[in-house]
Amino acid sequence: MPTVLNTPSDEKTGTVTSKPVIVIEHLYKQFGRNVVLEDFSLTVYKEENVVVLGKSGAGKSVLIKCVIGLLKPDKGNIMVLGENVTALNDDDLDRVRSKVGFLFQANALYDSMTVRENLEFPLRRHWINISQKEVEKMVKEALENVALLHTLDMMPSELSGGMLKRIALARTLILKPEIILYDEPTTGLDPVTAREIDQLILKLQKKYHTSSIIISHDMNCVKNIADRVILLLDGKCYADGSYDELEHSTDQKIKQFFE
Ligand SMILES: Nc1ncnc2c1ncn2[C@@H]1O[C@H](COP(=O)(O)OP(=O)(O)OP(=O)(O)O)[C@@H](O)[C@H]1O
Ligand SMILES: [Mg+2]
């Protein structure tokens, strides 16, 4: 059994209205003989930020790729906004994906497209009937959210690492997703820029009432952002609690992340 330090979400909000938006039950995933997830379970509640800690190679990216249906688990269920993503056909999966933003570890912007074109891309893909006027309005709003309106016609190669991360965040948010999955949003950034990204994530979450799973090695980011922290170890949810609870744990396997 995992070291469940508390059952946090209801305590956090103090209400009974907090509803689950992601429910992962008994998830298994292996590649050949490499067992990555082994009976992993986790529930994320509305407007909650859950940070996933785990060593490199523990399966954190695999986990969120399963949540968004980019990888198919071998066993187990994943309910996202009430739909079982492990059982959906491609069209239905696409519909669910339009409500789930994914900030990739490596930004995944298109190098050959301007910032404007990068931001237009998800709108045109998911909202086929949207007018040009509406597209323009949404692209500008998305860029204003990350304070980068002036980069509209620039190419990704002309932008710094922090700016690219903010553009990727703007592109993730442009469809107004209910859930955002962040894969190491601050890795590779200098500490000052990393803290700016933390603040931006929090600001935009409050504005749009999103729920998030955030993968991070950056303990400052974890401390700033997490409502709840879980530790992915040996394919399972090994620990689950607040930042303070995990930080003060006497379990060496948990403690080592806070040293
Ligand atoms: N598509 C794939 N095919 C085969 N093996 C994969 C695939 N994706 C991931 N793996 C393996 O699954 C394991 C977990 O990978 P994952 O990328 O989830 O690690 P991680 O916890 O995100 O690590 P990091 O902190 O370095 O990003 C690794 O052993 C990796 O080699
Ligand atoms: Mg990863």
Side-chain angles (χ1 to χ4, degrees), residues 2-3 22-42 44 49-78 80 85-86 88 90 93 97 100-109 161-162 164-165 168-169 171-172 177 179-191 193-194 197-198 201 211-226 228-241 243 246-247 251-259:
T3 312
I22 303 175
V23 182
I24 304 171
E25 289 175 320
H26 308 294
L27 204 64
Y28 288 78
K29 178 72 186 170
Q30 65 185 79
F31 300 97
R33 287 190 185 170
N34 181 12
V35 179
V36 179
L37 300 175
E38 195 176 11
D39 201 15
F40 180 94
S41 298
L42 171 69
V44 178
N49 279 334
V50 175
V51 171
V52 180
L53 292 179
K55 283 186 195 159
S56 185
K60 305 179 298 297
S61 296
V62 166
L63 173 69
I64 60 172
K65 282 178 187 163
C66 287
V67 170
I68 203 165
L70 289 174
L71 285 172
K72 211 168 164 45
D74 303 324
K75 254 198 317 185
N77 281 322
I78 306 175
V80 175
V85 294
T86 59
L88 294 179
D90 287 350
L93 197 54
R97 272 191 200 142
V100 184
F102 189 0
L103 193 68
F104 288 89
Q105 213 160 349
N107 295 331
L109 295 171
L164 290 172
K165 194 55 83 182
L169 185 57
R171 188 182 58 173
T172 305
I179 295 171
I180 307 184
L181 309 174
Y182 295 94
D183 200 343
E184 303 200 10
T186 60
T187 300
L189 301 175
D190 66 81
T193 309
I197 297 290
D198 294 348
I201 290 172
S211 320
S212 305
I213 297 180
I214 300 143
I215 295 171
S216 185
H217 289 291
D218 173 349
M219 295 315 279
N220 286 311
C221 169
V222 179
K223 193 168 187 168
N224 286 336
I225 291 186
R228 180 152 61 106
V229 182
I230 66 144
L231 173 58
L232 172 50
L233 181 76
D234 299 332
K236 294 176 182 58
C237 183
Y238 181 80
D240 180 338
Y243 182 94
L246 265 69
E247 189 184 25
D251 183 332
Q252 191 51 38
K253 288 179 175 165
I254 300 171
K255 263 173 86 167
Q256 62 182 346
F257 285 89
F258 294 83
E259 281 163 356

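We use all heavy atoms of the structure for the numbers below, so side chains are in, but hydrogens, waters and symmetry mates are not. Remember, it's 1-based here, ligands and their atoms both numbered in the order they're listed. The shown structure was predicted, so the numbers you read here are calculated from the model rather than taken from an experiment. Positions are given from 1 along the sequence.
- Of the candidates G54, C66, G57, the one placing a heavy atom closest to atom 19 (O) of ligand 1 is G57.
- To the nearest 0.5 Å, the span separating CD on Q252 from CD on E259 amounts to 5.5 Å.
- Each of the following atoms of ligand 1 lies closer than 4.0 Å to a heavy atom of E184: 25 (O), 27 (O).
- Of the protein's non-hydrogen atoms, K60 NZ, 2.8 Å is the one closest to atom 25 (O) of ligand 1.
- Atom-to-atom distance recorded for I213:CD1 and K60:NZ is 13.5 Å, nearest 0.5 angstrom.
- Q30 has its side chain out of reach of V36: every pair of non-hydrogen atoms, C-beta onward, lies at least 4.5 Å apart.
- Contact annotation: the side chain of I68 approaches that of R97 to within less than 4.5 Å [non-hydrogen atoms, C-beta and beyond].
- For ligand 1, the polar-atom distance check finds no N/O of F31 at less than 3.5 Å from any of the ligand's N/O atoms.
- Closest protein heavy atom to atom 18 (O) of ligand 1: V62 N, 2.9 Å.
- The protein heavy atom nearest to atom 24 (P) of ligand 1 is S56 OG, 3.6 Å.
- Contact annotation: for N34 versus ligand 1, heavy atoms closer than 4.0 Å belong to the side chain alone.
- Those atoms of ligand 1 that come under 4.0 Å of a heavy atom in V36, given as number and element, are 12 (O), 13 (C), 14 (C).
- Which parts of ligand 1 touch H217 is read off a 4.0 Å heavy-atom cut-off, strictly below it: atoms 25 (O).
- Counting heavy atoms from C-beta on, the side chains of L169 and Y182 come closer than 4.5 Å.
- Counting protein heavy atoms only, atom 27 (O) of ligand 1 is closest to Q105 NE2, 3.0 Å.
- The shortest contact between atom 17 (O) of ligand 1 and any protein heavy atom is with S61 CB, 3.6 Å.
- S56 lies apart from the Mg ion (ligand 2) in this respect, since none of its N, O or S atoms is found at a distance under 2.8 Å.
- Taking CD1 of I230 as the start and NZ of K236 as the end, the distance is 13.5 Å to the nearest 0.5 Å.
- Around atom CG of D90, no more than 12 heavy atoms belonging to other residues, nucleotides or ligands sit under 6.0 Å away.
- Between K55 and ligand 1 there is a heavy-atom distance shorter than 4.0 Å.
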Could you go step by step and tell me if L37 and L232 meet the side chain to side chain contact (heavy atoms under 4.5 Å, CB included) rule? CA-CA 9 Å; L37 300 175; L232 172 50; 4.1 Å; yes
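- With F40 as the fixed residue, the side-chain contact (heavy atoms from CB on, under 4.5 Å) test singles out one of P73, C237, C66: C237.
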